[in-house]
Amino acid sequence: MDNKTNPNELIKANSRFLRGTLKQSMDDPLTGALAADDAQISKFHGFYEQDDRDQRLQRTEHFLEPYYSFMLRARLPGGVCTPKQWLAIDYVGRELGNGSIRLTTRQTFQYHGILKKHLKSLIKRINQAMIDSIGGCGDVNRNVLCNPNPECSALHAAVYGWARCISEHLLPKTNAYHEIWLDGKPVTGSESEPIYGNTYLPRKFKTAVAIPPHNDVDVYTNDLGFIAIVENGRLEGFNVLAGGGMGTTHDDPTTYPRLADELGFIAPEDTLTVAEAIVTIQRDFGNRISRRHARLKYTIERMGLDEFVTQVETRSGVEFKSVRPVQFDTHGDRYGWVENPDHTWHLTLYIENGRIEDRPDVKLLQGLRRIAEIHQGDFRITPNQNLVVANISKDQKNVIEAIAHQHSLLANTYHPTRLASIACVALPTCPQAMAEAERYFPDLLSKVELLAEKYAIEDSPIVIRMTGCPNGCARPYVAEIGLIGKGPGRYNLHLGGDGRGLRLNRLYRKNLNETDLLNTLDKLLQQYAANRNPEERFGDYVVRSKRVNLSTTSVEDHHETV
Ligand code: SRM
Ligand code: SF4
């Protein structure tokens, strides 16, 4: 390793396959934090060190160390879990976390506010329920997304099977997790990471499997994507995509969101070989100097797509066939009841920003616990932070609906735009947040809903996605309206996604405060209501309309003007 190599590479290389000094860090009673290098290694085990940013200033003034706690992210391919597992997830969140569960945009759940002294028992408890957190975070393949596809369960089972296999195949093989958290026996002989090697990947790596016409996994925003090709109800194979990603850095044009390229069509049995080939290309060619430029999207840009495809074919021994035509209609969720051919039912619930907790007015944890106590099917977390209660028997349909209704979990009482929209976690836990997202978004949406009513367009949902910084955790760069945190109370406004996750939006205005944002949206919605074509989406209208200038060169910075 030369002196230009990113320090994270050295930490990984010296970690003895992800052990580091995590055990010692856990046992250190003098601090609620981990040693700095361990805070990097811990991510591969599924947890992040955080501090409560609401308390940061006050604690510094009182010469106290930050209020450290941990966020743990589970691995849950396709977001599927059983009612028994749900009850365990719920119990652990209440007993050992901060009393809330957070469903994420990658179909899994997070606990926040875990104290260091509780981490090990928390990890043990979820593992007893057959859920682990290996590769929840870190420079490896992350939780694999899979369309929950409720109205076609047999096909879902086949495709979901592949999502699980990819997740298992690309797991780190080190025994460190079992040794440190589950009291597994230390390895005596030599160890290796056959796919990753001892420095793992240069950066995180994300995989999704989509079943058209639903693009709820936002397949084009992933490093690696598989689009299921179905003929006569049978899985024929996959169109393979590579090189999608959302993360950017404000005002650094060398970073950008990117949609994945189509590589070609493969048979189902070639899935793992091709996935592994792509991962190893990224391992060998990804940028290990600048983490900002280390995702696969930049590797492909540097290599060129043709060379990349040749490398994948050579390494895998699989020759791509021409991509098959596919059509996507939405990247949102399908709420409410859907009947299966076998007369069981699925119910998709609305969970605002994925946050499940008991508040004085609404008790979501309690409601879902009551459902899990009687439900005999399964649960599926969606990539839009919602929850599907799947395979409900006919005789339990009414009782589950009644519980969901009692606990405000049914979608039919919410505005269509709210149902189509999501926000990332941001403050107070996320260290990267520059502005609020989850805590502020519901209020902002209420104001946007009033505008939609003013122009009588409330029946045309608009996909709005807000993030507290440009990292893009709620995939805002494919939203019809993307709001990206710039500073406290200020957001960049992006416009022009297509409501299906197939088109990147463009920066329209910079650094808006709420008043300017609402004034700008007021004008845009008025124009949209007056000039749209029948059935035309807001995102399509702004791209078509000559009245809306989406040229990035003319973007005004409102910091100076307001
Ligand atoms: Fe993310 C980092 C939350 C999905 C791009 N993301 C973070 C961290 C861990 C902050 C940090 O670096 O310490 C956030 C923790 C906040 C907290 O307190 O919980 C965080 N990301 C989330 C979640 C929970 C957002 C949500 O509201 O649901 C999502 C968890 C997904 C999961 O279960 O695995 C989440 N993050 C995403 C997505 C969406 C996706 O994957 O489909 C993206 C954009 C897609 C992509 O990766 O390109 C995303 N997160 C990032 C990035 C920017 C990566 C980049 O290439 O530049 C970071 C920062 C980083 O990696 O350095 C980041
Ligand atoms: Fe944090 Fe930024 Fe991700 Fe939001 S987008 S969770 S603020 S890293």
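As the structure lists them, so they are numbered: ligands from 1, and atoms in each ligand from 1.
- Among R53, Q110, M466, E438, the residue whose heavy atom lies closest to atom 23 (C) of ligand 1 is Q110.
- Given atom 46 (C) of ligand 1, the protein heavy atom at minimum distance is R295 NH1, 3.4 Å.
- For Y67, the OH atom sits in a loose shell: 12 or fewer heavy atoms of surrounding residues, nucleotides or ligands are nearer than 6.0 Å.
- Selection from P476, G138, P431 by nearest heavy atom to atom 13 (O) of ligand 1 gives P431.
- Here C430 has heavy atoms under 4.0 Å from ligand 1 in both its backbone and its side chain.
- For atom 1 (Fe) of ligand 2, protein N/O/S neighbours under 2.8 Å (waters excluded) are C430 SG.
- If you look at R142 next to ligand 1, there are no close heavy atoms at all, none under 4.0 Å.
- Here the protein heavy atom with the shortest distance to atom 12 (O) of ligand 1 is Q432 NE2, 2.9 Å.
- With a 4.0 Å heavy-atom cut-off, ligand 1 is reached by no atom of R292.
- Residue A423 touches ligand 1 through its backbone alone, judged by heavy-atom distances below 4.0 Å.
- For atom 38 (C) of ligand 1, the choice among R106, R475, K206 with the nearest heavy atom turns out to be K206.
- When R258, R203, R291 are checked for heavy-atom proximity to atom 60 (C) of ligand 1, R203 turns out nearest.
- The shortest contact between atom 57 (O) of ligand 1 and any protein heavy atom is with G247 CA, 3.5 Å.
- The distance cut-off of 2.8 Å around atom 1 (Fe) of ligand 1 captures these protein N, O or S atoms, sorted by chain and number: C473 SG.
- The protein atom (non-hydrogen) at minimum distance from atom 33 (O) of ligand 1 is T104 OG1, 2.6 Å.
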